[in-house]
Amino acid sequence: MSNIDNTAFFKLSYGLFVLTAADESKNSGCIINTALQVTQNPLRIAVCVNKTNYTHDLIAKSGVFSVSIIDQTAPFAVFERFGFCSGRDTDKFAGFEYYALAENSLPYLTKYANAFISAKVIEKVDCGTHTMFIADVTEAKKLNDEKSMTYEYYFANVKPKPQTEKKKGYVCKICGYVHEGELPDDFVCPICKHPASDFEPIN
């Protein structure tokens with residue numbers, strides 16, 4: 001297990017991650033907020049992915065993924081690229097300067113990430129709107145000493161403030177999408193796919 005640096009796991013926290021998967025033609029990636037170590041021996045992690053996400057389909061098909069743990073130096077452009085556009089028609093890493101390939105040939109961030117972990121899926125758990133993939137770790141590396149990006153830090157320092165002047169309705173706390181008018185209980189954000197519970201009224 002010389003390709004596994006255990007210090008990489010100290011960077012896992014309740015925060016934000018770029019999850020990477022691929023098919024024969026292109027790489028894809030998305031932002032997730034659930035990645036955790038589940039056992040030490042054997043070394044396993046779990047990620048939770050929305051079923052509507054293209055990256056979810058690629059992991060279900062290929063059985064492998066990489067997780068880049070986003071650090072506090074990441075600009076909003078990272079979230080725009082990996083969080084707010086579809087990977088079905090776009091290679092998220094194409095033209096992106098700061099990435100390298102893991103041993104499983106999946107790309108990971110080398111800037112704006114403090115560690116990466118690659119894994120091979122051994123179990124899938126249906127969680128309703130999401131699937132939890134439980135996987136054996138195949139590679140892990142610490143990249144820098146920056147603190148991990150948390151939601152609190154993202155909201156306070158990275159995400160642009162929504163333009164809500166003269167608008168009545170609700171704003172998505174995750175991506176800033178503004179929904180004018182009443183918000184149905186089963187509403188799903190058209191940008192980041194988060195539910196109505198992640199919206200707040202515009203004051």
Side-chain angles (χ1 to χ4, degrees), residues 11-21 27-36 38 45-60 65-72 74-93 96 109 112-113 117 121 124-135 147-165 167-203:
K11 297 296 187 179
L12 278 174
S13 63
Y14 182 74
L16 297 166
F17 314 90
V18 171
L19 177 69
T20 306
N27 299 307
S28 187
C30 67
I31 302 287
I32 60 171
N33 62 11
T34 304
L36 65 155
V38 292
I45 65 170
V47 296
C48 202
V49 193
N50 192 304
K51 291 178 181 177
T52 64
N53 199 300
Y54 180 60
T55 305
H56 171 281
D57 298 344
L58 295 182
I59 295 172
F65 62 83
S66 287
V67 176
S68 300
I69 304 170
I70 303 173
D71 69 37
Q72 290 185 359
F76 185 66
V78 170
F79 298 90
E80 286 183 303
R81 176 181 288 263
F82 294 103
F84 308 141
C85 62
S86 173
R88 296 183 190 278
D89 304 312
T90 306
D91 183 341
K92 296 284 188 78
F93 286 87
F96 195 64
L109 300 185
Y112 313 130
I117 300 167
V121 176
K124 293 183 286 186
V125 180
D126 191 324
C127 301
T129 58
H130 291 63
T131 298
M132 179 173 286
F133 295 101
I134 300 171
K147 293 182 179 179
S148 297
M149 177 79 71
T150 61
Y151 264 133
E152 181 180 17
Y153 190 90
Y154 170 74
F155 289 138
N157 301 284
V158 180
K159 191 185 82 166
K161 301 297 182 277
Q163 301 298 311
T164 59
E165 294 83 358
K167 291 184 179 179
K168 294 182 179 181
Y170 296 80
V171 59
C172 178
K173 295 185 292 183
I174 309 303
C175 70
Y177 173 79
V178 174
H179 175 81
E180 297 187 55
E182 292 301 314
L183 190 73
D185 291 340
D186 60 352
F187 187 81
V188 175
C189 179
I191 305 299
C192 67
K193 310 303 183 187
H194 279 248
S197 59
D198 284 322
F199 280 71
E200 60 185 6
I202 297 171
N203 295 321

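None of these values were measured; they are calculated from a predicted model.
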- Query: Any Lys/Arg nitrogen of R88 or D57 sitting under 4.0 Å from an Asp/Glu carboxylate oxygen of the other?
  - Reply: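 So R88 pairs with D57 through a salt bridge.
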- Query: Among F17, F84, Y154, whose ring pair (Phe, Tyr, Trp, His ring centres under 6.0 Å) with F79 holds?
  - Reply: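 Between F79 and the candidates, ring pair (Phe, Tyr, Trp, His ring centres under 6.0 Å) is satisfied uniquely by Y154.
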What distance do [X] atom [atom1] and [Y] atom [atom2] have between them, rounded to the nearest 0.5 Å?
X    : Y    : atom1 : atom2 : value
I32  : H56  : CD1   : NE2   : 11.5 Å
K173 : C192 : NZ    : SG    : 11.5 Å
S66  : N27  : OG    : CG    : 10.0 Å

Closest heavy-atom pair and its distance - [X], [Y]:
X    : Y    : result
N50  : K193 : ND2-O, 3.6 Å
S28  : T55  : OG-OG1, 3.3 Å
N53  : C30  : ND2-CB, 3.3 Å
K11  : I69  : O-CG2, 3.5 Å
I174 : K159 : O-CD, 3.6 Å
A196 : D185 : CB-O, 3.6 Å

Are [X] and [Y] close enough that some pair of their side-chain heavy atoms sits under 4.5 Å apart?
X    : Y    : answer
N33  : H194 : yes
M149 : D71  : no
Y112 : V18  : no

- Task: State which residues pass side-chain contact (heavy atoms from CB on, under 4.5 Å) with T34; sequence neighbours excluded, sorted by chain then number.
- Result: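 Checked T34 against side-chain contact (heavy atoms from CB on, under 4.5 Å); matches are L36, C48.
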- Mind checking side-chain contact (heavy atoms from CB on, under 4.5 Å) for T90 and listing every partner two or more places apart, or none if nothing turns up?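 Per chain and number, T90 pairs via side-chain contact (heavy atoms from CB on, under 4.5 Å) with no residue.
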- F65 and its side chain to side chain contact (heavy atoms under 4.5 Å, CB included) partner, picked from I45, I117, V49, T20: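 So, applying the side chain to side chain contact (heavy atoms under 4.5 Å, CB included) to F65 and each of I45, I117, V49, T20, only I45 qualifies.
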- Task: Quick one: sort the F93 and F96 rings into parallel, tilted or perpendicular, breaks at 30° and 60°.
- Result: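 Perpendicular.
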- side-chain contact (heavy atoms from CB on, under 4.5 Å) between L19 and I59, worked out: CA-CA 10 Å; L19 177 69; I59 295 172; 3.4 Å; yes
- Query: Is the F199-H179 ring centre distance short of 6.0 angstrom?
  - Reply: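 No, the ring of F199 stays outside the 6.0 Å limit from the ring of H179, centre to centre.
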- Task: With side-chain contact (heavy atoms from CB on, under 4.5 Å) as the test, would you mind laying out the steps for T129 and V188 before giving the verdict?
- Result: CA-CA 11 Å; T129 58; V188 175; over 6 Å; no
- Take atom NZ of K51 as the centre, draw a 6.0 Å sphere, and report whether it contains more than 12 heavy atoms from other residues, nucleotides or ligands.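 For K51, atom NZ is crowded (more than 12 foreign heavy atoms under 6.0 Å).
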